Amino acid sequence: MSAIRNVMMASVAVFALATPALAQDAIRIGLLGGENEADRLADNQCLIDKLPAALGVKEVQLFPAADYDGVIQGLLGGTLDVASLGASGFAKAYLANPDAVEPFLTTVQTDGSMGYHSVMLARKDSGIASLAEAKGKKLGYADPDSTSGYLIPLVTLPQDPALGGMKPDEYFSETSFNGGHENNVLALLDKKVDVAVTWASGVGEFSEGYTSGNIRSMVDKGMLDMEDVVEIWQSPLIPNGPTVMRKDLPQDLKDKIVKFFTELPAADYDCFRAIENGDFKGYAPVSAEFYQPIIDARKATIGG
């Protein structure tokens with residue numbers, strides 16, 4: 001635990017002083033909020049161990065942001081070099097500056113698909129067993145920049161027959177942001193909200209938390225018993241979020257970054273599984289065009 005604490009303190013100090021000039025000596029990786037900080041650092045420790053030799057840099061620094069926007073602004077401002085983003089987070093960065101970052105890989109589910117789902121959970125003891133029974137209840141969102149935890153429910157819930165075109169703010173008595181996916185599910189378990197949206201592969205067994213996603217991660221950590229919750233809604237397929245890097249990094253360094261991550265699933269599956277929160281087949285190359293529907297949806301509803 002002391003090692004993790006030291007990394008955390010170093011991350012905070014370096015992040016405050018970071019400038020774009022550091023990029024070739026140290027690769028700075030942003031970690032999205034939504035999971036407790038110690039777990040995020042532990043899950044990504046393997047990148048600190050492996051990347052310096054693979055990229056030819058002196059060190060790798062991890063920066064666990066308090067929320068999604070912290071990572072997005074770090075990428076836009078040049079104080080972060082690499083990060084895994086949700087599709088809506090990438091859309092926000094792209095709308096702010098299309099020349100700032102480039103997506104290069106996304107995950108492939110165990111069934112070969114390149115998407116995942118927003119799912120809405122209710123506590124089993126609440127008696128809420130369907131979306132129709134959630135009318136007038138309290139809905140918990142994850143983060144304003146989350147795809148599955150906000151944008152997709154905002155866009156697609158009105159299309160469900162239960163809502164009949166009503167906006168979520170009209171259908172539910174109250175909505176709130178709860179600081180990321182993990183915290184949102186905890187708010188549900190603590191009865192602060194009646195239903196909560198989060199992300200899951202939708203592949204495999206619900207009773208196990210599916211093959212990947214936030215609920216699978218919480219099950220693996222002993223934070224969630226699937227016997228305590230029911231799924232009352234699942235979105236259409238959402239494009240898996242990208243791993244991105246700053247466009248202005250040196251090309252040889254960008255080539256090494258792509259090579260490392262592309263080969264990681266076969267070279268060290270445990271590391272790959274840890275940084276991606278569950279089981280996947282591997283990575284596939286993507287570009288900004290893959291996320292155009294999400295960019296358009298974000299621009300039309302939330303804006304940049």
Side-chain angles (χ1 to χ4, degrees), residues 1 4-5 7-8 11 29-45 47 62-72 83-89 107 116-124 126 138-153 175-204 206-235 238 240-241 273-280:
M1 182 62 70
I4 291 176
R5 186 179 299 110
V7 173
M8 290 168 62
S11 297
I29 300 177
L31 306 179
L32 291 180
E35 183 184 22
N36 78 75
E37 197 163 286
D39 285 345
R40 280 183 283 161
L41 290 167
D43 288 345
N44 287 271
Q45 176 63 37
L47 298 181
L62 303 179
F63 298 103
D67 56 20
Y68 286 33
D69 192 55
V71 171
I72 294 165
S84 290
L85 296 177
S88 182
T107 47
Y116 68 107
H117 299 271
S118 174
V119 298
M120 186 181 296
L121 303 178
R123 296 184 312 278
K124 187 174 289 185
S126 71
K138 296 179 181 179
L139 168 65
Y141 291 124
D143 184 285
D145 292 315
S146 170
T147 317
S148 56
Y150 182 51
L151 177 63
I152 293 301
T175 62
S176 60
F177 291 106
N178 291 298
H181 286 276
E182 190 173 279
N183 286 341
N184 199 31
V185 175
L186 291 176
L188 173 71
L189 298 177
D190 292 340
K191 301 183 179 181
K192 295 177 181 176
V193 296
D194 301 305
V195 293
V197 287
T198 188
W199 73 283
S201 66
V203 178
F206 174 77
S207 61
E208 299 174 359
Y210 295 118
T211 55
S212 62
N214 178 59
I215 56 177
R216 179 54 184 261
S217 177
M218 293 182 72
V219 168
D220 288 348
K221 291 187 290 186
M223 300 176 67
L224 175 64
D225 184 338
M226 295 304 291
E227 290 293 323
D228 294 335
V229 295
V230 295
E231 180 181 299
I232 64 170
W233 175 78
Q234 186 176 111
S235 76
I238 305 166
N240 284 341
R273 188 186 192 281
I275 66 174
E276 295 295 351
N277 293 120
D279 289 308
F280 295 88

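Bear in mind the structure is a predicted one, so any value in this text is a computation, not a measurement.
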Note: G241 and Y116 closest approach over all heavy atoms is N-CE2, 4.4 Å

Partners of D69 by salt bridge (charged side-chain N to carboxylate O under 4.0 Å, His left out), sequence neighbours excluded?
K92

Side chain to side chain donor-acceptor pair (under 3.5 Å) involving T147 - partner list, sequence neighbours excluded
none

Note: R40-E182 ion pair, threshold 4.0 Å (strictly below)
no

Taking the side chain from H117 and the backbone from S235, do they hold a donor-acceptor pair closer than 3.5 Å?
yes

Going by the rule side chain to side chain donor-acceptor pair (under 3.5 Å), which residues pair with N178 if we only count those two or more places apart in sequence or in a different chain?
S176, N184

If a pair satisfies salt bridge (charged side-chain N to carboxylate O under 4.0 Å, His left out) and one of its residues is in residues 206-215, list it, with sequence neighbours excluded.
none

Taking only residues two or more places apart in sequence, or in another chain, which ones meet S118 in a side chain to side chain donor-acceptor pair (under 3.5 Å)?
none

Calculate, to the nearest 0.5 Å, the distance between atoms CG and CD belonging to L62 and Q45 respectively.
7.0 Å

Heavy atoms only: give me the nearest V219-G209 pair and the separation to one decimal.
CG2-CA, 4.4 Å

Flag side-chain contact, heavy atom, 4.5 Å: N44 against I29
no

Give the table of side-chain donor-acceptor pairs shorter than 3.5 Å for residues 222-231, with sequence neighbours excluded, one pair per line with atom names and distance.
| residue | atom | partner | partner atom | Å |
| --- | --- | --- | --- | --- |
| D225 | OD1 | E227 | N | 2.9 |
| E231 | OE1 | Y210 | OH | 2.8 |
| E231 | OE2 | Q234 | NE2 | 3.1 |

Distance, nearest 0.5 Å, that separates CG of L121 from CZ of F206
5.5 Å

Using ring pair (Phe, Tyr, Trp, His ring centres under 6.0 Å) as the criterion, list what pairs up with Y141, not counting sequence neighbours.
Y150, F177

State which residues pass salt bridge (charged side-chain N to carboxylate O under 4.0 Å, His left out) with D143; sequence neighbours excluded, sorted by chain then number.
none

With sequence neighbours left out, what residues match A274 under side chain to side chain contact (heavy atoms under 4.5 Å, CB included)?
D43

Give a yes or no on whether the backbone of S217 and the side-chain of N277 come within a donor-acceptor separation of less than 3.5 Å.
no

Where do V119 and T198 land on the side chain to side chain contact (heavy atoms under 4.5 Å, CB included) test, with the steps shown first?
CA-CA 6 Å; V119 298; T198 188; 3.8 Å; yes

Look at atom NZ of K124 and say whether more than 12 heavy atoms of other residues, nucleotides or ligands are closer to it than 6.0 Å.
yes

When rounded to the nearest 0.5 Å, the distance separating OG of S146 from CG of D67 is 12.0 Å

Any idea which heavy atoms bring R273 and D220 closest together, and the distance?
NH2-OD2, 3.3 Å

Suppose we screen for salt bridge (charged side-chain N to carboxylate O under 4.0 Å, His left out). Which residues come up paired with D190, at least two apart in sequence or across chains?
none

What are the two closest non-hydrogen atoms of L188 and A196, and how far apart are they?
CB-CB, 4.0 Å

Using modelled atom types only, decide if a donor and an acceptor are shared between the side chain of R216 and the backbone of A200 within a distance under 3.5 Å.
no

Any side-chain heavy atom of L139 within less than 4.5 Å of one from V193?
no

Interatomic distance, F63 atom CZ to L32 atom CG [nearest 0.5 angstrom]:
14.5 Å

Residues which pass side chain to side chain donor-acceptor pair (under 3.5 Å) with S212, listed by chain and number, not counting sequence neighbours:
Q109

Close side-chain approach of V71 and L31, heavy atoms under 4.5 Å:
no

